[in-house]
2 protein chains.
Amino acid sequence: MRQDQIDQTAPIARQLTRFLRERIIRNDLHPDQKISESEIAQQYDVSRQPVREAFIRLASEGLVSVLPQRGTRVSRIDVVAVREARFLREAVESDIVRLLAEAPGRADLAELDAHIDRQRAVAAGDPLEFIRADEAFHRTLAEMGGKAGIWRKVQGLKAQMDRVRVLSLSQFPVNKLIDQHAAIVAGIAAGDPARAEAATRHHLREVLSDLPQIVTANPAFFDDAPDGDEDRTVIIGGGE
Amino acid sequence: MRQDQIDQTAPIARQLTRFLRERIIRNDLHPDQKISESEIAQQYDVSRQPVREAFIRLASEGLVSVLPQRGTRVSRIDVVAVREARFLREAVESDIVRLLAEAPGRADLAELDAHIDRQRAVAAGDPLEFIRADEAFHRTLAEMGGKAGIWRKVQGLKAQMDRVRVLSLSQFPVNKLIDQHAAIVAGIAAGDPARAEAATRHHLREVLSDLPQIVTANPAFFDDAPDGDEDRTVIIGGGE
DNA sequence: GCTACCATACTGCCATACAAGTTATCAATC
DNA sequence: GATTGATAACTTGTATGGCAGTATGGTAGC
């Protein structure tokens, strides 16, 4: 059914982390679903250990929560984290775009146009495919701006955001989003930092504009009082 | 030498995570220092497995970086992450303080005063002790504001910030910081949200004001191009 | 003296086995 | 029928052994 296959030569735990993360985001593993180490291990025909390590990584991203001796379950979507991720993206990406607009030679406009063409091509097809194209577009911007490092940092938080996007796939105003992408590129091409930045902020603010409706439509998927991974309450150990 | 002792009845891996995190923050384990699973396991007289899992957690916090088949070493301090953490703290805490000032009954002023008294008591002693008191103060604010959940989320990022604070301990203008704390409490007590918020922002902006000097004074501790934990470059797996 | 090579001593990674705690099941008892 | 208690079937946690890949030191060959 799935085509995610383990490559025995590469580190298994990290592959599993990627696979499971994707399955959670695309809602193949849905919130509150219980997943056990042995169950997943059997599915991928590996031992329990790498699965366990993947769980630890996913737990630190807030995608699953492990209850000692009781089980592991997929976390609900943390609305607060989603808003934070969106906020962070806006801060980072608007900065990047401004940079690109200020130094015209830096951005490969032809490549950006190609990205937009691709988005239009898949707009009518599989929504997941569009999200991938969208992802590639934004990542390319970050790379051109020389901010690939920061981009990767944001990704961890972005996973929560992507889960929401998958949920809202059906009512996705895809063409509008593509037009907004085009507007960003146009701002860069014109060498107009203010315009490019404004277009980016506008775009990212609109992406989750329908978050409240999605939450009320799928209450079981969201959580208002999420439980963190472990105890970080005291960074510098108590002395008394 | 150390008093951090493993409690065999509680989950070992999580205890180790806490111990090692503290040792990194307090610079007992310094940047670029190589640490191996077996070495740490021997120190705490446990098996390698929980150590390994602690490493994974610390890696996802950016405190160590594991190089497959090569070794694990303490990460340098990521200046970008430090700034981000400070920024996030300002956003969260100024919001919390404003909330407390708006609803006067909410904050236990006596407890806050007690915190400040404690800070003055330890101001001249062990600098680490002051950081703990400071930490407790800010955490209490978050709890009173009912934002303990968000607070814990920020903690993960804050670890990087704390490392810097430990480095700058000697030249810490401790009394000034305490006065700023008092100003925040005064704002809350007066029921003046704007004043309380301003005091908070001013305080948090000053905490790392000497970051540049610290960086130039200890260049070996900081890194400009940190390497993330693992590959998060593609959230939704490539399809082409 | 310099380079290429090989043995050795590491490293992190994975599989397996065992331990300890939690939940579910079901039967005996009131 | 409702409650209680033992037991079995889970769960995650830990310990151990062996594996493959990497750095290191020394040595043979040039």
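Throughout, a chain's letter reflects where its sequence line sits, starting with A, and its residues are numbered from 1.
Within 4.0 Å of B:L16, counting heavy atoms only, lies no atom of the nucleic acid at all. Among the atoms of the strands shown, none is found under 4.0 Å from any heavy atom of B:I6.
Between A:R52 atom CZ and D:dA15 atom P there is a gap of 11 Å when expressed in whole angstrom units. Atom-to-atom, CZ of A:R57 to C1' of C:dG12 comes out at 11 Å; the value is rounded to the nearest Å. Separating the CD atom of A:E53 from the P atom of C:dC13 is a distance of 7 Å, rounded to the nearest angstrom. The CG-C1' distance, from A:L67 to D:dT11, rounds to 10 Å in whole Å. To the nearest angstrom, P of C:dT11 lies 8 Å from NZ of B:K34. Here C:dC10 presents its P atom at 12 Å from CD of B:E39, a figure rounded to the nearest Å. Put simply, CD on A:Q69 is 6 Å from C1' on C:dA20, counting in whole angstrom units. Note: CD (A:E37) to C1' (C:dT22) measures 14 Å, nearest angstrom.
Atom CG of A:L63 sits about 13.5 Å away from atom CZ of A:R57, to the nearest 0.5 Å. Note that CD of B:E93 is 7.5 Å distant from OG1 of B:T200, once rounded to the nearest 0.5 Å.
Using cut-offs of 30° and 60° for the angle between ring planes, the A:H181 and A:H138 rings count as perpendicular.
In terms of position along DNA chain C, the nucleotide closest to B:S38 lies nearer the 5' end than the nucleotide closest to the other residue of the pair B:Q49 and B:S38. Comparing B:T9 and A:A10 by the nucleotide of DNA chain C whose heavy atom lies nearest to each, the residue mapping closer to the 5' end is A:A10.
In this structure, B:S36 reaches the C:dT11 phosphate: one of its side-chain N or O atoms is under 4.0 Å from OP1 or OP2. The side chain of B:T72 contributes an N or O atom lying less than 4.0 Å from OP1 or OP2 of C:dG12. Taking 4.0 angstrom as the limit, B:R48 places none of its side-chain polar atoms (N or O) nearer than this to OP1 or OP2 of D:dG17.
Across D:dA23, C:dT16, C:dG21, the shortest atom-to-atom separation from the side chain of B:R70 is found for D:dA23. The side chain of B:P50 approaches D:dT14 more closely than any other nucleotide in the set C:dC13, D:dG13, D:dT14. Out of C:dG12, D:dA15, D:dG13, the shortest distance to the side chain of B:F55 is found at C:dG12.
The side chain to side chain contact (heavy atoms under 4.5 Å, CB included) test with A:V74 is passed by exactly one of A:R163, A:R23, A:K34: A:R163.
Contact record, A:D28 with A:Q33: O-OE1, 4.0 Å, taken as the closest heavy-atom pair.
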